[in-house]
Amino acid sequence: MTGAAELLLSRIRDVPDYPQPGVVFKDITPLLADPAAFTALTDELAELCVRHGATKIVGLEARGFILAAPVAIRAGLGFIPVRKAGKLPGATLSQSYDLEYGSAEIEVHAEDLTAGDRVMVIDDVLATGGTAEASLHLVRRAGAEVAGVAVLMELGFLGGRARLEPALKGAPLDAVLVV
């Protein structure tokens, strides 16, 4: 493990039994509060965006916003929020997806992504992959190309990578940390 990865991992707090018994929540707020760790993460994600030729960055609500916005600034790219349904004014594209119990829907402004855009999707955690998969469908429906997906941490035991693989269609999936 690199020094940067060790720094990031040391700033992620495990919160047992949150939000329900048996779940160990990965709290990134200590990482965000540490300027050295937050800068290291921002630099790492920005480098991935540049390496994969992204022209825009999509951040997934809500913690993906916190990571993607400074990455977009660092990489010199535009930031596009993907929100829960009903949160964006104006014309939107929406995508439904299944959750463990039920379904959800995300949206993006229809005019924010266009043909010729190469979009990097950024989020904090890849768990089961449902939200990331839905975002890839949104990006492509808008006419843009997927440059890749980058996350701070992948929870490998939940199988999100396997679920996401078909939707990636060969685009890279990068996790700074795999736990």
query = Any idea which heavy atoms bring E111 and A91 closest together, and the distance?
reply = OE1-O, 4.0 Å

ask   = Considering residues at least two apart in sequence or located in another chain, which fulfil the side chain to side chain contact (heavy atoms under 4.5 Å, CB included) criterion with A104?
value = Y97, L99

ask   = Does the side chain of L168 come within less than 4.5 Å of E165's, by heavy atoms?
value = yes

ask   = So do the side chains of H52 and D174 get within less than 4.5 Å of each other, counting heavy atoms only?
value = yes

message = If hydrophobic clusters are built by linking Ile, Leu, Val, Met, Phe, Trp and Tyr wherever their side-chain heavy atoms come under 4.5 Å apart, do L177 and L32 end up in the same one?
response = yes

query = Do L93 and L113 have side chains that get closer than 4.5 Å, going by heavy atoms?
reply = no

request  = Check whether V178 and L173 end up in the same hydrophobic cluster, where Ile, Leu, Val, Met, Phe, Trp and Tyr are linked by side-chain heavy atoms less than 4.5 Å apart.
outcome  = no

ask   = When rounded to the nearest 0.5 angstrom, what distance separates NE2 in H137 from OG in S96?
value = 11.5 Å

query = Taking C-beta and beyond as the side chain, do R140 and V146 meet within less than 4.5 Å on heavy atoms?
reply = yes

Minimum heavy-atom distance A144-V119, with the two atoms named = CB-CG2, 3.9 Å

task = Identify the heavy atoms of T128 and R163 that sit nearest to each other, and give their distance.
result = O-CD, 3.1 Å

key: Single-linkage hydrophobic cluster, 4.5 Å side-chain cutoff, V15 and F157 together   = no

key: Closest non-hydrogen atom pair between L8 and A37, with its separation   = CD2-O, 3.3 Å

Could you pull out every donor-acceptor pair under 3.5 Å between side chains of residues 53-73 and any protein atom, sequence neighbours left out?
from	atom 1	to	atom 2	distance (Å)
T55	OG1	R118	N	2.8
T55	OG1	R118	O	3.3
K56	NZ	D112	O	2.7
K56	NZ	D117	OD2	3.2
E61	OE1	R83	NE	2.8
E61	OE1	K84	N	2.8
E61	OE2	R83	NH2	3.4
R63	NE	D124	OD2	2.7
R63	NH2	D124	OD2	3.1

query = Counting only heavy atoms not in F25, do more than 12 fall under 6.0 Å of its CZ?
reply = yes

message = I'd like to check V179 versus L9 (side-chain heavy atoms, cut-off strictly below 4.5 Å). Are they in contact?
response = yes

query = Heavy atoms, side chains only, cut-off 4.5 Å: are L152 and I12 in contact?
reply = yes

ask   = How long is the gap from OG on S135 to CD on E107, to the nearest 0.5 Å?
value = 14.0 Å

request  = Would you mind reporting whether K26 and D14 have side-chain heavy atoms less than 4.5 Å apart?
outcome  = yes

Nearest non-hydrogen partners of S94 and E105, listed with the distance = OG-OE2, 2.9 Å

message = So does L7 get a backbone contact from the side chain of S10, meaning a donor-acceptor N/O pair under 3.5 Å?
response = yes

key: A150 to L45 - nearest heavy-atom pair and separation   = CB-CD2, 3.8 Å

query = Between I80, V108, T92, V121, which is the residue that forms a side chain to side chain contact (heavy atoms under 4.5 Å, CB included) with L138?
reply = V108

inquiry  = I'd like to check P172 versus L48 (side-chain heavy atoms, cut-off strictly below 4.5 Å). Are they in contact?
reply    = no

task = Let me see the working for I28 and M153 under side-chain contact (heavy atoms from CB on, under 4.5 Å), right down to the final yes or no.
result = CA-CA 10 Å; I28 68 167; M153 118 184 72; 3.9 Å; yes

